[in-house]
Each structure stands twice: as structure tokens, then as C-alpha cells.
Asker: 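Sharing a structure with you now.
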Number of protein chains: 2
Amino acid sequence: MSTYHPPREDLALPAVLHALSDPQRLRIVRELSRDPEPRPCGSFLLDVSKSTKTHHFRVLREAGVITQRVLGTSKLTSLRREDLDQRFPGLLDAVLASAETPVAVPA
Amino acid sequence: MSTYHPPREDLALPAVLHALSDPQRLRIVRELSRDPEPRPCGSFLLDVSKSTKTHHFRVLREAGVITQRVLGTSKLTSLRREDLDQRFPGLLDAVLASAETPVAVPA
DNA sequence: CATATTGTTCGATGATCGTCGTACAATTGA
DNA sequence: TCAATTGTACGACGATCATCGAACAATATG
């Protein structure tokens with residue numbers, strides 16, 4: 001049960017899109033792409049509680065978007081960029097590029 | 001209230017990704033891209049009821065993925081390809097290309 | 001006018017989701 | 001050994017979701 005990672009062939013588009021459709025998770029993925037160095041979950045600045053963070057990382061992992069490996073008391077997270085690019089060419093890049101677009105702020 | 005279409009600037013990435021994360025809606029979008037001719041909702045073959053269809057078309061419309069315009073008793077649906085491409089370059093194409101990938105079928 | 005045809009509206013239902021706090025587990029370090 | 005750090009597990013909560021059927025509305029067509 002612990003830290004299941006789906007094999008590349010099992011990555012499903014709806015699950016990946018769903019994983020990326022949450023603002024907090026999108027932020028995680030953006031940070032990971034800007035700084036690909038594997039980082040502990042705690043180093044991501046999200047305005048949610050610790051347990052909610054755990055939840056979001058699980059959703060991303062089970063959709064195949066990230067990998068997590070234990071190191072001491074930490075869990076290092078990295079993007080499964082290669083798998084994503086193989087399975088869904090151009091998708092991650094398009095999402096990341098789209099996420100860079102600033103949101104229109106009301107006057 | 002009737003048939004609201006968000007202006008291009010208001011298209012939000014999470015909403016679009018969420019709209020595309022459902023298999024039925026993904027199928028609608030794929031059909032629309034293969035055959036860009038505006039079609040009535042009824043011409044899409046989904047294994048859901050009429051009212052559920054209405055629901056999915058509303059989600060897609062409110063996310064800015066499709067347009068719907070009335071013609072007689074029908075409602076013609078088309079992809080907002082230009083708006084999507086401007087706002088989220090490459091996203092729709094990547095999603096569509098990824099959706100073409102056949103799902104692995106268990107032996 | 002009567003009847004299809006096409007789609008919406010309106011609950012309702014069961015499932016999933018995002019969020020939280022508390023308690024717990026595991027490792028590190030003094 | 002004791003305390004700090006890092007993350008998980010477990011309910012629980014309200015919100016949203018995908019789905020349905022039945023009733024309704026609007027337009028065509030006979």
C-alpha cells in the first residue's frame with residue numbers, strides 16, 4: 001500500500017488531468033519544474049495544512065505525475081518528466097507554459 | 001443564466017483541465033476535433049442519459065472549451081480552438097494527441 | 001392543431017474531493 | 001535517551017461531482 005507508483009504504461013490521461021486541475025497541486029508541479037532538484041514535501045509553500053499536503057502529494061503520485069522516495073525522515077519528490085513526456089508528449093510542457101500565464105486580476 | 005460563455009481572458013487553466021479530465025467530456029472534445037463541423041449535442045454518442053449529456057456540455061462551455069449556439073430545437077456545439085490556443089498554446093493539441101494513445105488493454 | 005424532436009430544469013442519490021486537526025510513526029541529533 | 005523534525009493515518013466535515021428519471025419548454029413538421 002505504501003507509496004505506490006503506477007508503471008508508465010498505466011498512466012491515464014483523465015487521472016493526470018485531474019491531478020493537474022487543482023491549484024495547489026499545479027503549484028507543486030510548477031515549483032518542481034522550475035527547480036528539478038528532488039525536495040522534501042515540506043519545502044513547498046502551500047497555504048494548506050500538513051495533512052492536506054500529504055493528500056495532494058498522494059494524488060500526484062498515484063496519477064504518475066511525481067515520484068517520492070524516502071530519505072531519512074523526509075520524502076523527496078521529483079517530477080516523472082520522462083514518463084510523462086513519453087506517454088503524453090507535450091502535455092506537461094503545455095500545462096506548465098499555460099500556468100505561467102498570469103491570471104487576469106480585476107481592477 | 002442561459003448559455004454563458006466566459007470571455008477568452010477569463011479562461012482558467014484549472015477549470016479547463018478539470019473539464020477535460022472526464023472521459024465522457026474528453027470524448028466529446030475528441031469528436032469535435034476530428035469533425036469540426038458544429039453539431040447538435042444529440043449527435044455525440046455517449047453512454048449517459050440525456051440530462052447527463054446536458055451537464056457535460058455545460059461544464060465544457062463554462063470552462064470555455066466549447067461554444068453552443070441555438071439553431072431550431074438544436075444547440076450546435078463547436079470547439080473554442082482559437083481561444084484555447086491563444087490562452088493556453090499547445091495545450092489542446094497535446095491533450096488530443098495524448099487521448100489518441102490507446103489505453104493498455106489487459107490480456 | 002397535434003406530435004415529434006431536441007434539449008433543459010429540477011430534485012435526488014451515492015461517490016469523490018479538498019480541507020482540517022489530532023494522533024501516530026520513523027528518523028535524526030543533542 | 002529525549003526531543004525535534006518530517007511526514008502519514010484516521011476520521012470527520014461540507015462541497016462538488018457524475019449520474020439518473022421525470023417533467024417541462026421550444027421548435028419543427030405532419
Side-chain angles (χ1 to χ4, degrees), chain A residues 1-6 12-32 37-78 99, chain B residues 1-6 12-32 37-78 99:
Chain A
M1 57 175 59
S2 62
T3 64
Y4 169 74
H5 292 80
L13 184 58
V16 169
L17 293 177
H18 170 252
L20 296 175
S21 74
D22 178 88
Q24 310 288 344
R25 293 194 290 260
L26 207 44
R27 214 193 294 185
I28 294 174
V29 172
R30 288 180 66 189
E31 282 198 35
L32 273 174
E37 212 61 28
R39 307 218 286 293
C41 306
S43 76
F44 295 82
L45 300 176
L46 306 184
D47 5 334
V48 293
S49 74
K50 229 177 7 161
S51 39
T52 302
K53 254 182 208 179
T54 296
H55 163 70
H56 285 312
F57 280 99
R58 181 175 47 225
V59 172
L60 286 171
R61 174 172 43 78
E62 291 181 345
V65 178
I66 63 172
T67 326
Q68 296 184 287
R69 65 173 234 272
V70 174
L71 180 93
T73 75
S74 293
K75 218 165 185 178
L76 298 188
T77 296
S78 32
Chain B
M1 58 175 62
S2 59
T3 63
Y4 169 74
H5 292 80
L13 184 59
V16 170
L17 292 177
H18 170 253
L20 296 175
S21 73
D22 178 89
Q24 310 287 342
R25 293 195 289 263
L26 207 44
R27 213 193 295 186
I28 294 173
V29 172
R30 289 180 65 188
E31 282 198 35
L32 273 173
E37 212 62 28
R39 307 218 290 292
C41 305
S43 76
F44 295 82
L45 300 176
L46 306 183
D47 5 333
V48 292
S49 74
K50 232 179 2 163
S51 40
T52 302
K53 253 183 210 180
T54 295
H55 163 69
H56 285 312
F57 280 99
R58 180 175 48 226
V59 172
L60 286 170
R61 174 172 43 78
E62 291 180 348
V65 178
I66 62 171
T67 326
Q68 296 184 288
R69 64 173 235 273
V70 173
L71 180 93
T73 76
S74 292
K75 219 165 187 178
L76 299 189
T77 296
S78 32

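Computed from heavy atoms alone, side chains included, the values below leave out hydrogens, waters and symmetry copies.
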Asker: On a heavy-atom basis, which atom in K75(B) and which in T3(B) lie closest, and how many Å separate them?
Answerer: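 Reported closest heavy-atom pair: NZ-CG2, 2.9 Å.
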Asker: Roughly, in whole Å, what's the span from CG in L60(B) to P in dC17(D)?
Answerer: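 One finds 13 Å between P of dC17(D) and CG of L60(B), rounded.
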Asker: Please list, pair by pair, any protein nitrogen or oxygen found under 3.5 Å from a nitrogen or oxygen in nucleotides 17-19 of chain C.
Answerer:
| unit_1 | atom_1 | unit_2 | atom_2 | d |
| --- | --- | --- | --- | --- |
| dG18(C) | OP1 | R25(A) | NH2 | 2.9 |
| dG18(C) | OP2 | R25(A) | NH1 | 3.2 |
| dG18(C) | OP2 | H55(A) | NE2 | 3.3 |
| dT19(C) | OP2 | H56(A) | NE2 | 2.3 |

Asker: For the residue pair H56(A) and D22(A), what are the closest heavy atoms and their distance?
Answerer: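 Scanning both residues, the minimum pair turns out to be CE1-OD2, 3.5 Å.
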Asker: Report yes if some heavy atom in the side chain of R69(A) is under 4.5 Å from a heavy atom in the side chain of T67(A); otherwise report no.
Answerer: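 R69(A) does not reach T67(A) side chain to side chain.
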Asker: Grab the N/O contacts between the protein and nucleotides 23-29 of chain C below 3.5 Å, and write none if there aren't any.
Answerer:
none

Asker: Rounded to the nearest angstrom, tell me the gap between atom NZ in K53(A) and atom P in dG21(C).
Answerer: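 Going from NZ in K53(A) over to P in dG21(C) covers 13 Å.
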Asker: Can a donor-acceptor pair be found, under 3.5 Å and without considering hydrogens, that links the side chain of R61(A) to the backbone of H5(A)?
Answerer: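 No: the side chain of R61(A) does not pair with the backbone of H5(A).
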Asker: Does dT8(C) have its OP1 or OP2 closer than 4.0 Å to a side-chain nitrogen or oxygen of K75(B)?
Answerer: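 Affirmative; the distance criterion is met.
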Asker: Any side-chain heavy-atom pair from T77(B) and P38(B) closer than 4.5 angstrom?
Answerer: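 The answer is no; the side chains never approach within 4.5 Å.
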Asker: Which heavy-atom pair separates A63(A) from P6(A) by the least distance, and what is that distance?
Answerer: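 Residues A63(A) and P6(A), closest heavy atoms: C-CG, 4.2 Å.
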Asker: Rounded off to whole Å, could you give me the CG-to-P distance for the L76(B) and dT8(C) pair?
Answerer: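 Roughly 12 Å, once rounded to whole Å.
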Asker: What integer distance in Å separates L45(A):CG from dT6(D):P?
Answerer: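 It is 13 Å, rounded to the nearest whole Å.
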Asker: Check whether F44(B) forms a cation-pi arrangement with R27(B) (NZ or CZ under 6.0 Å from the six-membered ring centre, at most 45° off the ring normal).
Answerer: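 Ring-cation test returns no.
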Asker: Can you check the Q68(A) CD to dT6(D) C1' distance for me, whole Å?
Answerer: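 Distance, rounded to whole Å: 12 Å.
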Asker: Which of these nucleotides, dT8(C), dT8(D), dT6(D), is closest to any side-chain atom of S74(A)?
Answerer: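 Taking heavy atoms from C-beta onward, the closest nucleotide is dT6(D).
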Asker: For the side chain to side chain contact (heavy atoms under 4.5 Å, CB included) test, which of L60(B), L46(B), T52(B), V59(B) pairs with Q24(B)?
Answerer: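 That would be L46(B); it is the only one of L60(B), L46(B), T52(B), V59(B) passing the side chain to side chain contact (heavy atoms under 4.5 Å, CB included) with Q24(B).
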